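First up is the structure itself, then whatever we jot down about it.
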Amino acid sequence: MRSLSTADRGALHREILQWYAVHLRPLPWREASCSPWGVLLSEVMAQQTPLARVEPAWREWMSRWPTPAALAAESPGEVVRAWGRLGYPRRALRLREAAAAIVERHGGEVPRGLDELRALPGVGDYTAAAVAAFAFGDRSVVVDTNVRRVQARIVDGVAQAAPSLTRAEVALAESLLPADDAEAATWNVAVMELGALVCTARAPRCEECPVSARCAWFLAGRPAYEGPVRRGQAWHGTDRQVRGIIVQTLRDASEPVARGDLAPGRDEAQVDRCLAGLIEDGLVEPVAGERFSLPRIEERAG
DNA sequence: TATACGTGGGG
DNA sequence: TCCCCAAGTAT
């Protein structure tokens with residue numbers, strides 16, 4: 001890991017924070033008036049889902065369930081239906097569980113502490129740090145895919161980060177974090193925004209980058225990535241695809257659906273296997289007469 | 001540490 | 001068309 005002088009760090013902060021002040025997207029959960037619950041909701045929805053698709057769903061959810069208590073009182077099936085096509089619908093279930101935990105353990109208020117946040121269902125290291133920073137203005141180390149890529153390029157001079165998060169990356173992010181709480185919080189979102197809009201994975205816009213002049217990767221002539229190859233996600237014909245079809249069928253249905261109509265034309269053994277998995281996950285509920293629906297009662301524990 | 005887990009837009 | 005990948009988490 002290359003280390004930066006104090007002066008270099010200061011310049012980096014100034015340039016990226018200035019860029020952010022001009023180029024930030026006016027997302028609703030960035031409004032000062034947005035509640036911690038709104039921030040938590042946005043962070044979970046944004047896990048592996050592009051922000052452009054998150055925004056309309058976020059607005060609908062905030063209107064329907066403006067507090068953790070409101071969501072906790074909703075049925076899991078309705079929550080999965082409202083999740084729509086954001087992907088990874090188990091996140092909707094976890095969000096409802098998190099809402100219930102917030103009501104039970106924290107009096108209905110999103111907790112501020114990293115440990116308390118991290119203990120909520122569906123909240124990992126990234127989301128806990130992000131909520132601490134963006135909802136409460138705390139100085140926490142937020143390391144998402146954007147931060148990892150920006151750091152890899154500017155500091156390490158490589159096109160992309162390692163396949164999985166390393167200790168060194170977290171240590172680097174920590175070393176780059178401004179000392180001041182509020183400035184650190186803004187720094188986190190500014191680096192993420194830079195990664196999302198300029199320092200992108202596919203076709204980085206280095207001409208528009210405020211720090212290309214101090215970017216090790218740019219200065220080295222943007223060398224191609226040489227690390228271990230990332231495994232692409234298999235999709236066609238996978239269980240994941242069939243699970244998606246089944247859940248979408250149930251989202252669109254107003255009545256319970258027979259097994260044979262869940263994923264028409266798909267291999268029956270695969271449909272059975274996926275169905276069992278979905279039931280185990282609490283995303284599908286068997287009802288009378290060999291039919292299935294989104295969960296109406298209680299989702300399975302575990 | 002590696003793998004499962006959805007979905008859709010852009011290159 | 002096909003492939004990559006997006007504010008990750010849980011196991």
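Just so it is clear, the structure is predicted and the values come from calculations on it, not from any experiment. Values reported hereafter were calculated over all heavy atoms of this structure, with side chains retained and with hydrogens, waters and symmetry mates removed. Proteins get letters first, then strands, A, B, ... in listed order; numbering begins at 1 in each.
The nearest whole Å value for the distance from the CG atom in Asp144(A) to the C1' atom in dC5(C) is 13 Å. Across the protein-nucleic acid pair, Leu93(A) atom CG and dT9(C) atom P stand 17 Å apart, rounded to whole Å. Residue Glu43(A) contributes atom CD, which lies 15 Å from atom P of dA6(C) at whole-angstrom precision. Distance, Leu95(A) CG to dA7(C) P: 18 Å, rounded to whole Å. Distance CG (Leu24(A)) to P (dA7(C)): 15 Å, rounded to an integer number of Å. Taking atom CZ on Arg149(A) and atom C1' on dC4(C), their separation rounds to 12 Å, with Å as the unit. As rounded to whole Å, 10 Å separates atom P of dT9(C) from atom CG of Leu165(A). The interatomic distance linking Leu41(A) (CG) with dA7(C) (P) rounds to 17 Å, in whole Å.
With respect to the salt-bridge test (charged N to carboxylate O, under 4.0 angstrom), the residues Asp8(A) and Arg214(A) qualify.
Remark: the Glu43(A) side chain and the Tyr126(A) side chain contain an N/O donor-acceptor pair separated by less than 3.5 Å. Checked by atom type, the side-chain pair Asp156(A)/Gln151(A) shows no donor-acceptor distance below 3.5 Å.
Using a 4.0 Å heavy-atom cutoff across all strands shown, Thr127(A) reaches sugar-phosphate atoms only and no base atom. Contact annotation for Ala130(A): no contact, since no heavy-atom pair falls under 4.0 Å across all strands. As judged by a 4.0 angstrom heavy-atom cut-off over every strand, Trp83(A) is placed among residues making no nucleic acid contact. Val123(A) comes within 4.0 angstrom of sugar-phosphate atoms only, judged by non-hydrogen atoms across all strands, and of no base.
Taking atom P on both nucleotides, dA7(C) is separated from dA4(B) by 23 Å, rounded to a whole Å. Across the C1' atoms, dT1(B) and dG8(C) are found 16 Å apart, a figure rounded to whole Å.
With contacts defined as side-chain heavy-atom distances shorter than 4.5 Å, the pair Glu78(A)/Arg64(A) qualifies. Looking at Val39(A) and Val110(A), their side chains never come closer than 4.5 Å, going by heavy atoms from C-beta outward. Contact annotation: the side chain of Leu40(A) approaches that of Val123(A) to within less than 4.5 Å [non-hydrogen atoms, C-beta and beyond].
Look at Thr145(A) and you'll find a side-chain N or O under 4.0 angstrom from OP1 or OP2 of dA6(C).
Interatomic distance, CH2 of Trp58(A) versus OG of Ser42(A), reported as 7.0 Å (0.5 Å rounding). Atoms CG and CH2, on Leu24(A) and Trp19(A) in that order, are 8.5 Å from each other to the nearest 0.5 Å.
With hydrogens and angles disregarded, no donor-acceptor distance shorter than 3.5 Å links the side chain of Asp138(A) to the backbone of Ser140(A).
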Which letter, B, S or -, goes with each nucleotide of nucleotides 3-9 of chain B from 5' to 3', with contact meaning a protein heavy atom under 4.0 Å?
-> S-BBBSB

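The nearest heavy atom of DNA chain C to Arg25(A) and to Leu120(A) marks one nucleotide each, and the one closer to the 5' end goes with Arg25(A).
The stretch residues 57-68 of chain A does not touch DNA chain C, since none of its heavy atoms comes less than 4.0 Å from the strand.
Checking each of Thr238(A), Leu278(A), Val271(A) against Arg243(A) for a side-chain contact (heavy atoms from CB on, under 4.5 Å) leaves exactly one that passes, namely Leu278(A).
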